[in-house]
Amino acid sequence: MAAKQAVDPQQKSKTAKNITVTLPDGAERTYATPITGGDVAADISKSLLKKAFACKVDGALSDLSRPLEQDCRLSIVTSQDKAEALELIRHDCAHIMARAVQEIWPDTKVTIGPVIEHGFFYDFDRQEPFSTDDLETIEAKMREIIAKKDPVRTELWSRKDAIAFYKKADEPFKVELVDAIPEGEDLRMYWHGEWQDLCRGPHLAHTGQVPPDAFKLMSVAGSYWRGDSNNKMLQRIYGVAFRSKDDLKAHLHMLEEAAKRDHRRLGREMELFHIQEEAPGMVFWHPNGWSLYRALEDYMRRRLTAAGYKEIKTPQLVDRKLWEASGHWDKYRENMFIAEVDEEHAREKRVNALKPMNCPCHVQIYNQGLKSYRDLPLRLAEFGSCHRYESSGSMHGLMRVRGFTQDDAHIFCTEDQIEAETAKFIGLLSSVYKDMGFDSFDIKLSTRPEQRVGSDEIWDKAETALENAVRKVTNDYEIDPGEGAFYGPKLDFKLTDAIGREWQCGTFQADFNLPERLGAEYVGEDGAKHRPVMMHRAILGSFERFLGILIENTAGRFPLWLAPRQVVVTTIVSDADDYAEEVAAALTAAGMRAETDKRNEKINYKVREHSEGKVPVILAVGRQEVEARTVAMRRLGAQGQKVIDLDEAITALSEEATPPDLQPNT
RNA sequence: GCUGCUGUAGCUCAGAGGUAGAGCACUCCCUUGGUAAGGGAGAGGUCGAGAGUUCGAUUCUCUCCAGCAGCACCA
């Protein structure tokens with residue numbers, strides 16, 4: 001390898017001088033340069049050097065082999081430093097994997113390979129696709145490289161030399177990467193064995209520090225070069241890596257547990273919904289799922305009504321003229337389902353579109369009749385069914401579908417009312433999320449993009465209003481500059497589920513565009529006509545997605561008020577059949593969703609089946625219960641059961657099954 | 001949409017160039033059993049769709065459809 005033209009100014013420093021190194025315990029040691037972090041580690045103790053992964057110089061992670069240039073605080077990083085060690089192991093894993101791939105298939109071109117949550121990936125360019133079997137071959141080669149304990153070496157290179165080198169090595173993607181680095185900036189090269197890569201580093205001291213039994217290559221997938229779909233598609237290999245075999249095992253176990261709460265799996269097992277080939281991205285809700293859906297919808301309807309919203313319903317199919325007027329035909333047409341009405345039905349052919357959004361229809365209702373400032377804010381809510389042609393690869397169970405229903409509403413208000421409406425909305429949203437079992441959520445404020453409509457003045461006003469309203473609740477929010485829609489700034493609300501994944505659900509968006517395009521007006525105090533601001537907003541986002549999240553977050557163990565089947569009354573002997581019916585009827589009369597199970601099966605069998613079906617309450621009845629007019633109540637997840645009086649059970653259960661917004665104490 | 005993989009009974013999956021199998025679920029029979037699988041018997045499949053190769057295709061090839069993992073997209 002032509003690695004001789006090192007230009008590292010640190011390496012070039014000829015004049016030896018003394019520097020003072022302060023260790024974490026406060027001890028100060030003086031060394032003559034040239035000296036490296038590794039040298040200091042060796043000076044402290046041989047065993048420390050052996051364990052040393054890297055070092056921290058004035059708090060910044062660095063290679064042990066890099067020279068220390070001046071007085072500094074130095075700490076040695078070992079596998080005990082969990083976060084740093086993981087980062088290093090994963091990063092080196094990526095490099096070792098790339099080296100393994102190039103050793104097995106030398107014609108493979110390398111690109112980038114960063115650390116990600118739980119592991120790493122590396123993107124390659126190669127004619128042949130990698131197969132699942134290849135992953136094992138690569139893993140075996142990686143273990144060979146690890147066993148070699150090749151020392152990791154680093155040098156600073158000039159941009160020019162790096163380009164020349166990569167051109168010669170026929171690594172076009174690396175040439176492009178280096179090309180993108182600003183002129184005059186030096187860059188860092190790393191080696192282990194003969195293999196070399198452009199990298200910011202830092203890295204481990206040698207390849208043997210990667211635990212050979214704590215990583216696993218997980219999958220192969222496509223990914224666009226530089227994340228741009230106009231570019232070539234590369235092959236990405238994903239891997240996970242940890243500090244120990246046990247950590248890896250724990251992670252694989254966690255993945256299994258996560259798979260068990262996958263809403264697609266639970267949806268089938270609990271008979272909530274299905275999706276089939278003839279209607280991709282459209283949900284068939286089964287009785288259980290629809291019961292859940294309705295419980296949520298009823299709840300939302302009560303909350304919205306209480307918050308001053310008026311519910312409306314608008315058409316599914318609307319003539320293209322409206323979509324042209326709203327701008328959707330121009331900007332959103334490729335996502336719209338079009339339905340044509342042919343001459344058989346109309347003298348003139350008409351082109352309709354299934355609505356992808358409710359907003360234009362809501363403006364139509366607003367526009368009926370003259371509005372006064374006294375009518376504002378006007379909050380129009382709709383459980384609006386929308387259809388969007390989502391690309392085939394983006395669909396995912398309930399989370400991303402083509403037909404869905406939003407808990408949509410539009411607030412028509414004056415500019416001065418934005419802040420108060422925002423604050424009200426955030427209050428409602430956090431209360432709803434809390435009722436659903438989500439105690440915390442993330443807020444993101446997206447501000448004006450380059451391309452936008454509306455004056456700077458109104459953007460200033462709206463951005464300030466949104467931010468002020470957020471601040472009333474929390475100082476913990478993120479700002480995403482330039483990420484607002486062209487028509488106005490927005491707030492996004494993200495929920496974190498039980499296993500740490502984030503989902504965007506709620507949204508609150510100011511719109512300065514649509515009222516203008518569709519001619520919405522109101523008469524102000526001054527008697528003149530004014531343009532209202534329109535706020536698009538949703539709390540759940542879509543019922544489909546929100547229910548998907550709720551299913552995963554609860555692992556199907558819904559709180560009683562949401563559970564599709566709240567109680568199953570199951571018999572122990574057939575002599576109790578009549579009593580079981582009586583119990584179920586009493587529960588139903590008390591407003592609960594109860595069923596009986598009088599099948600000729602043993603109680604063990606029935607308990608197992610209903611527990612797996614995630615029924616929150618099983619009431620078992622046998623001869624004793626008939627006799628005493630009691631029930632043996634078993635709660636999902638609890639061991640054993642409690643025999644209680646029937647009337648008592650009905651009262652307690654129906655209280656518990658009361659939706660949170662109807663609970664007397666709230 | 002792109003890359004790769006997958007599609008066999010309701011579910012989970014096995015299988016082979018000569019039209020298919022297991023476990024669970026389902027139906028029936030025996031069993032009336034006290035809190036996470038009692039026993040026996042039976043029924044159930046155009047092997048995702050179409051075309052091609054072949055004497056013969058569910059198996060091999062191609063196209064399409066759908067799903068999965070990612071990427072891109074996500075008003």
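In what follows, chains are A, B, ... by sequence order, proteins preceding strands, each numbered from 1.
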Engineer: Measure from CD on A/E601 to P on B/C29 and round the result to the nearest Å.
Structural biologist: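 The answer, rounded to whole Å, is 13 Å.
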Engineer: Holding to salt bridge (Lys or Arg N to Asp or Glu O under 4.0 Å), I want the full list of residues that pass it with A/R623, two or more places apart in sequence or in another chain.
Structural biologist: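 For A/R623, the residues satisfying salt bridge (Lys or Arg N to Asp or Glu O under 4.0 Å) (neighbours in sequence not counted) are A/D575.
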Engineer: From NZ of A/K602 over to P of B/G39, roughly how many Å is that when rounded to an integer?
Structural biologist: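 Atom-to-atom, A/K602 to B/G39, this comes out as 9 Å.
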Engineer: For residues 484-492 of chain A, dump all side-chain donor-acceptor pairs below 3.5 Å to protein atoms at least two apart in sequence or in another chain.
Structural biologist:
{"residue": "A/Y487", "atom": "OH", "partner": "A/Q509", "partner atom": "OE1", "Å": "2.4"}
{"residue": "A/D492", "atom": "OD1", "partner": "A/Q504", "partner atom": "NE2", "Å": "3.3"}
{"residue": "A/D492", "atom": "OD1", "partner": "A/T507", "partner atom": "OG1", "Å": "3.2"}

Engineer: Name the atoms and distances for all side-chain donor-acceptor pairs under 3.5 Å in residues 352-362 of chain A, with sequence neighbours left out.
Structural biologist:
{"residue": "A/N352", "atom": "OD1", "partner": "A/D319", "partner atom": "N", "Å": "3.3"}
{"residue": "A/K355", "atom": "NZ", "partner": "A/T314", "partner atom": "O", "Å": "3.3"}
{"residue": "A/K355", "atom": "NZ", "partner": "A/T314", "partner atom": "OG1", "Å": "2.8"}
{"residue": "A/K355", "atom": "NZ", "partner": "A/N358", "partner atom": "OD1", "Å": "3.0"}
{"residue": "A/K355", "atom": "NZ", "partner": "A/E382", "partner atom": "OE2", "Å": "3.0"}
{"residue": "A/N358", "atom": "ND2", "partner": "A/Q406", "partner atom": "OE1", "Å": "3.1"}
{"residue": "A/N358", "atom": "ND2", "partner": "A/D408", "partner atom": "OD2", "Å": "2.8"}
{"residue": "A/H362", "atom": "ND1", "partner": "A/H410", "partner atom": "ND1", "Å": "2.8"}
{"residue": "A/H362", "atom": "NE2", "partner": "A/E382", "partner atom": "OE1", "Å": "2.7"}

Engineer: For nucleotides B/A43 and B/C28, find the distance between their P atoms and express it as a whole number of Å.
Structural biologist: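 The same atom, P, in both gives a distance of 15 Å.
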Engineer: Send over the distance from A/H286 NE2 to B/G10 P, rounded to a whole Å.
Structural biologist: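 Checked: the NE2 to P distance equals 14 Å.
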Engineer: Is any side-chain N of the basic residue among A/R226 and A/D228 closer than 4.0 Å to the acidic one's carboxylate O?
Structural biologist: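 A salt bridge is absent here (no side-chain N lies under 4.0 Å from a carboxylate O).
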Engineer: Does A/A485 reach a base, just sugar-phosphate, or nothing at all? Heavy atoms under 4.0 Å.
Structural biologist: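 The residue A/A485 makes no contact with any strand.
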Engineer: In this structure, are over 12 heavy atoms from other groups packed under 6.0 Å from A/Q364 atom CD?
Structural biologist: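 Result for CD/A/Q364: enclosed.
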Engineer: Taking B/C64 as the reference, what is the distance to B/G1 when you measure between their C1' atoms (whole Å, please)?
Structural biologist: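 Those two atoms are separated by 16 Å.
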Engineer: Is A/E656 salt-bridged to A/R635, going by a charged N under 4.0 Å from an acidic O?
Structural biologist: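 Result for this pair is yes, salt bridge flagged.
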Engineer: Distance between the C1' atoms of B/A72 and B/U3, in whole angstroms?
Structural biologist: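 Each nucleotide's C1' atom is 11 Å from the other's.
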Engineer: In whole angstrom, give me the gap between the P atoms of B/G23 and B/U19.
Structural biologist: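 Nearest-Å result for B/G23 against B/U19 at atom P: 22 Å.
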Engineer: Indicate for each nucleotide in nucleotides 61-70 of chain B, in 5' to 3' sequence, whether protein heavy atoms under 4.0 Å reach the base (B), only the sugar-phosphate (S), or nothing (-).
Structural biologist: ----SSSSSB
Engineer: Output yes when at least one side-chain N/O atom of A/Y605 is less than 4.0 Å from OP1 or OP2 of B/C24, else no.
Structural biologist: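 So the side-chain polar atoms of A/Y605 never come under 4.0 Å of the phosphate oxygens OP1 or OP2 of B/C24.
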Engineer: So, OP1 or OP2 of B/U35: does either fall under 4.0 Å of a side-chain N or O from A/N604?
Structural biologist: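 Indeed not, no polar side-chain atom of A/N604 lies that close.
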Engineer: Taking B/G15 as the reference, what is the distance to B/A22 when you measure between their P atoms (whole Å, please)?
Structural biologist: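 Pairwise P distance, B/A22 against B/G15, rounds to 15 Å.
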Engineer: Given the C1' atoms of B/C73 and B/A14, what is the spacing between them in whole Å?
Structural biologist: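 Roughly 39 Å separates the two C1' atoms.
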Engineer: Provide the distance between the two C1' atoms, one in B/G50 and one in B/U58, to the nearest whole Å.
Structural biologist: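 About 14 Å, rounded to a whole number of Å.
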Engineer: Tell me, which of residues 622-643 of chain A have any heavy atom that sits under 4.0 Å from an atom in RNA chain B?
Structural biologist: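 RNA chain B contact set from residues 622-643 of chain A: A/G622, A/R623, A/Q624, A/E625, A/A632, A/R634, A/Q641.
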Engineer: Check A/D577 with A/K598, please: is the shortest side-chain N to carboxylate O separation under 4.0 Å?
Structural biologist: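 No, no charged N to carboxylate O under 4.0 Å.
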Engineer: Looking across every strand, which nucleic acid part, if any, lies under 4.0 Å from A/R400 by heavy atom: base, sugar-phosphate, or nothing?
Structural biologist: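 The residue A/R400 makes base contact.
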Engineer: Pick the P atom in B/U8 and in B/C13, then give their distance to the nearest Å.
Structural biologist: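 The same atom, P, in both gives a distance of 10 Å.
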Engineer: What's A/K331 touching, base or sugar-phosphate or nothing? Going by heavy atoms closer than 4.0 Å.
Structural biologist: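 Base, at least one base atom sits under 4.0 Å.
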Engineer: Could you work out, with ring-ring contact (aromatic ring centres under 6.0 Å, His included) as the rule, every residue matching A/Y224, not counting sequence neighbours?
Structural biologist: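 Scan of A/Y224 (ring-ring contact (aromatic ring centres under 6.0 Å, His included), adjacent residues dropped) gives none.
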Engineer: Using side chain to side chain contact (heavy atoms under 4.5 Å, CB included), reason through A/V351 and A/I338 one step at a time and then give a plain yes or no.
Structural biologist: CA-CA 7 Å; A/V351 178; A/I338 310 297; 3.5 Å; yes
Engineer: Choosing from B/G1, B/G4, B/A36, which nucleotide comes nearest the side chain of A/P129?
Structural biologist: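 Closest nucleotide to the A/P129 side chain: B/G4.
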Engineer: Do A/R545 side-chain and B/C74 base share a donor-acceptor contact under 3.5 Å?
Structural biologist: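 No pair found.
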